[in-house]
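Below is one structure, written out as structure tokens; the observations come after it.
Start at 1 and go down the list; that is how both ligands and their atoms are numbered. Note: hydrogens, waters and symmetry copies are ignored here, and every other heavy atom, side chains too, is used.
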Amino acid sequence: MRSFIAGTGSYLPERILTNADLVGMVDTSDEWITSRTGIRERRIAAPDQASSDLATEAAKSALKAAGIEAGDLDLIIVATLTPDYMFPSTAGLVQRNLKATKAAAFDLEAACTGFIYALTVGDQFIKTGKYGKILVIASEVLSRFIDYEDRNTCVLFGDGAGAVVLVPSEDGDRGIVSTHLYNDGSMSDLLIAPAGGSRMPVDEEAIAKRLNTVKMRGNVVFRIAVEKLSELVDEVLEVNGLKEEDINFLVPHQANLRIIKATARKLKLPMERVIVTVDRHGNTSAASVPLALDEAVRSGRINPGDMVLLEAFGGGLTWGAALVNW
Ligand code: UT7
């Protein structure tokens with residue numbers, strides 16, 4: 001039994017933060033940001049918006065696309081590293097907002113790979129027959145955890161949410177073909193928000209040192225991302241007995257256009273077969289893959305019969321992929 005993606009949805013906050021805006025905030029340039037990352041602008045949530053608000057909007061559009069009522073949902077999973085609260089879960093708040101009264105709900109944290117992890121978990125519930133209608137959302141309001149005086153990170157990240165609805169596939173071939181998850185906790189310090197958890201609660205010192213914001217050894221993470229994503233491509237092809245030319249579309253995590261291009265080269269895939277949103281969204285962590293997927297589906301680029309590879313890499317360090325026969 002395969003899990004079928006019955007509908008996709010996404011939501012982006014209205015406010016746009018451009019590279020030109022950032023030039024006025026830190027020592028950077030549009031030339032540096034675009035040439036090193038491919039990012040031109042990113043979205044920033046309104047002061048009264050939190051992750052559950054973005055998630056709810058993305059969920060509504062995915063449910064509408066799937067033709068499924070919120071009241072019929074069995075499970076809601078929200079992948080996020082920027083939850084509304086430590087607890088209750090963001091998924092629980094989405095369940096309330098949607099009036100999805102029948103649905104169980106929980107959050108999942110696997111940083112930028114969160115959506116791939118959440119999709120994999122949802123897929124297991126469908127495969128075992130435990131649940132039949134599952135909402136998988138990834139939502140981030142990263143702008144609340146960024147130091148806008150740190151040029152190493154503030155130019156990279158943005159806010160947004162994406163969602164999919166999973167149901168059992170009626171056509172045996174269509175749906176999630178395989179999923180692949182990895183973590184290497186020995187590299188957890190490379191990408192981290194040190195304060196705000198039980199190890200270092202937010203206090204005056206943490207705030208003064210901005211330890212509640214994202215810290216990243218960017219160039220080290222970059223090198224490992226290219227290496228691990230290349231290995232992952234090999235694994236997905238081998239496990240499924242496929243060749244590079246069998247993949248029709250790549251929907252990558254949108255962290256850096258140079259990383260995306262390296263993965264596309266590995267797949268021998270021309271860039272018109274790669275879904276790129278990093279220029280307009282920046283890095284929205286877990287939300288980046290479902291945001292890009294929704295854009296590609298709604299614009300008619302991805303169609304039934306296409307073999308689509310979703311992949312992501314991020315804090316943990318985590319990485320993973322899902323192959324979907326659309
Ligand atoms: O989503 C989770 C996974 N994250 C990623 O995959 C991100 C991976 N890393 C990257 O995308 C890249 O490493 C970055 C875009 C973060 C940085 O690009 P880089 O080519 O690796 O640059 P770098 O960190 O090696 O820095 C090169 C120079 C440094 O100056 P010096 O030491 O050579 O004088 C930085 O201080 O660029 C400087 N720099 C900047 N200059 C202008 C760093 N940030 C900026 C900036 N504007 N915003």
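- Atoms of ligand 1 found under 4.0 Å from any heavy atom of Met216, numbered from 1 in the order shown, are 4 (N), 7 (C).
- Heavy atoms of Trp32 found under 4.0 angstrom from ligand 1 belong exclusively to the side chain.
- The aromatic rings of Phe313 and Trp319 sit parallel, their planes meeting at an angle under 30°, below the 60° perpendicular limit.
- Counting only heavy atoms from C-beta outward, the side chains of Arg43 and Leu17 never approach each other to under 4.5 Å.
- Counting protein heavy atoms only, atom 29 (C) of ligand 1 is closest to Arg151 NH2, 4.7 Å.
- A cation-pi contact, defined as under 6.0 Å to the ring centre and within 45° of the axis, is absent between Arg174 and Phe4.
- In this structure, atom 9 (N) of ligand 1 lies nearest to the protein heavy atom Gly218 O, 3.0 Å.
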### Working for salt bridge (charged side-chain N to carboxylate O under 4.0 Å, His left out), residues Glu170 and Arg2
CA-CA 9 Å; Glu170 286 173 8; Arg2 284 187 176 168; over 6 Å; no

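- Shown here is Glu69, whose CD atom has no more than 12 heavy atoms of other residues, nucleotides or ligands within 6.0 Å.
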### Query
Stepwise, does the salt bridge (charged side-chain N to carboxylate O under 4.0 Å, His left out) test hold for Asp184 with Lys228?
CA-CA 11 Å; Asp184 186 341; Lys228 295 299 178 193; 5.9 Å; no

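- From the protein, the heavy atom lying nearest to atom 2 (C) of ligand 1 is Cys112 SG, 3.2 Å.
- For ligand 1, the atoms lying closer than 4.0 Å to a non-hydrogen atom of His253 are 1 (O), 2 (C).
- Within ligand 1, the atoms closer than 4.0 Å to a non-hydrogen atom of Ala255 are 1 (O), 5 (C), 6 (O), numbered from 1 in the order shown.
- In this comparison of Leu190, Asp30, Asn256, the heavy atom closest to atom 11 (O) of ligand 1 sits on Asn256.
- No side-chain heavy atom of Leu75 sits under 4.5 Å from any side-chain heavy atom of Leu135.
- Between Leu229, Asn219, Asp27, Leu257, it is Asn219 that holds the heavy atom closest to atom 23 (P) of ligand 1.
- The two atoms that bring Ser169 and Met1 nearest to each other are N-SD, 4.4 Å, heavy atoms only.
- Among all non-hydrogen protein atoms, the one lying nearest atom 43 (C) of ligand 1 is Asn152 OD1, 3.2 Å.
- Two residues are said to be in side-chain contact when any heavy atoms from C-beta on lie closer than 4.5 Å; Cys112 and Ser285 meet this criterion.
- Using a 4.0 Å cutoff on heavy atoms, Leu191 counts as a contact of ligand 1.
- With Val221, Asp150, Leu142, Leu22 as candidates, the residue nearest to atom 5 (C) of ligand 1 on a non-hydrogen basis is Val221.
- You'll find the side chain of Arg273 reaches within 4.5 Å of the side chain of Asn248, heavy atoms only.
- Using a 4.5 Å cut-off on side-chain heavy atoms (C-beta onward), Asp159 and Thr284 make no contact.
- The nearest heavy-atom contact from the protein to atom 6 (O) of ligand 1 is Ile259 CD1, 3.4 Å.
- The nearest protein atom to atom 18 (O) of ligand 1, hydrogens excluded, is given as Arg258 NH2, 3.6 Å; this is a heavy-atom distance.
- Using a 4.0 Å threshold on non-hydrogen atoms, atom 34 (O) of ligand 1 does not count as touching the protein.
- In terms of protein heavy-atom proximity, atom 27 (C) of ligand 1 is nearest to Arg36 NH1, 3.5 Å.
- Taking atom 3 (C) of ligand 1 as the reference point, the nearest protein heavy-atom neighbour is Phe313 O, 3.7 Å.
- When heavy-atom distances to ligand 1 are checked against a 4.0 Å cut-off, Thr28 comes that close through both its backbone and its side chain.
- Look at Ile33 and you'll find every heavy atom at least 4.0 Å from all atoms of ligand 1.
- In this structure, Asp279 does not pair ionically with Arg40, as no charged nitrogen and carboxylate oxygen lie closer than 4.0 Å.
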